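Since the structure comes first, as structure tokens, the remarks are kept for the end.
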Amino acid sequence: MATATLIDGKNFAARLRTSIAAHVARLKTDYGMTPGLAVVLAGEDPASQIYVRNKGLQAREAGMNSFECRLPATVTQAELLNKIAELNRDPAINGILVQLPLPRQIDSQTVIQSIAVGKDVDGFHPLNAGLLAVGGTAMVPCTPLGCLMLIKDQVGDLAGQRVVVLGRSNIVGKPMAALLLREHCTVTIAHSRTRDLADECRRADILIAAVGKAHMVKGDWIKPGATVIDVGINRIPTPDGKGRLVGDVDFAAASEVAGAITPVPGGVGPMTIACLLLNTLTAACRQHGVPAPEVKPVPA
Ligand code: GUN
């Protein structure tokens, strides 16, 4: 009975944050600058509130300045755009993140496009997405960047690897595919309209699931020995009413087949915030015209 290696994203992210904190401390002593991250939350979505609180906490733990902008669920588009314009102008703010989803009356694309490209630490601005596609210096979306770090740590050189990315969102699927192409992988993006989805997945040396459907990927969708990255965070009901977080992959079955697999929770999730801090550090360096450090996690 084969059991996959567990890819410990929680530990990797903690080691990355330690390294980021050391770089932040050095920027302070060498250049007298402290990276500043502004997180904008409109409305009271409970999951978003938890994410936003964690982003602020971890930014401060890394030695950065953190600014939280809370707006009511009834905020108008003009008010939100005004807030972003103010943050764009503020030299103490190096990174701006607008937590998604936004209230119904707001057009997310207009909001994303109003963020200064150099402060777009989510990497969602179309100019950053375009730079990623054509190979320029982009802000890379945090979740795909975190996945790539875990995959490289596990697999090493990715040239020629067959990768299937399940999901085509602007936040994960599309930028993930662009990043992997940059690593010389053979990339397939599969989605809800893909024919013979299980067969496509079975061809993958590396399978990345980002669809938001609990346990959608079955054990027999996985090629023996493959590396499986589970981006899904789905709450399923439990008898005690508290619910439980599970991924897009049937973990118990998949870990009998895969070579390596990320758990949920404790896999990709912690990497997303660590990469947000990394992007904020990079943005601050670029804005101050100082070399952006190459940040590697401290050794295990
Ligand atoms: N909502 C869910 N994931 C994300 C993310 O990575 N960035 C932002 N801004 N909102 C999100």
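Quick caveat: nothing in here was measured; it's all calculated off a predicted structure. Counting convention: from 1, in listed order, for ligands and their atoms alike.
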Of Leu197, Val249, Val172, which is the lone residue that meets side chain to side chain contact (heavy atoms under 4.5 Å, CB included) with Leu166? Leu197
Distance-only criterion, 3.5 Å: show the donor-acceptor pairs between side-chain atoms of residues 66-81 and protein atoms not counting sequence neighbours.
from, atom 1, to, atom 2, distance (Å)
Ser66, OG, Arg60, NH1, 3.1
Glu68, OE2, Arg70, NE, 2.8
Glu68, OE2, Arg70, NH2, 3.1
Thr76, OG1, Glu79, N, 3.1
Thr76, OG1, Glu79, OE1, 3.3
Gln77, OE1, Asp107, N, 2.8
Glu79, OE1, Thr76, N, 2.9

In terms of hydrophobic clustering (I, L, V, M, F, W, Y; side-chain heavy atoms under 4.5 Å; direct or indirect links), are Phe12 and Leu277 co-clustered? yes
Scan side-chain atoms only and decide if Gln99 and Lys55 contain a donor-acceptor pair under the 3.5 Å cut-off. yes
Under 3.5 Å, is there a donor-acceptor pair between the Ser255 and Thr3 side chains? no
Taking Ser19 for the side chain and Lys296 for the main chain, is one N or O donor matched with an acceptor at less than 3.5 Å? yes
Using a 4.0 Å cut-off on heavy atoms, what residues surround ligand 1? Order them by chain and number. Leu97, Val98, Gln99, Leu100, Asp122, Phe124
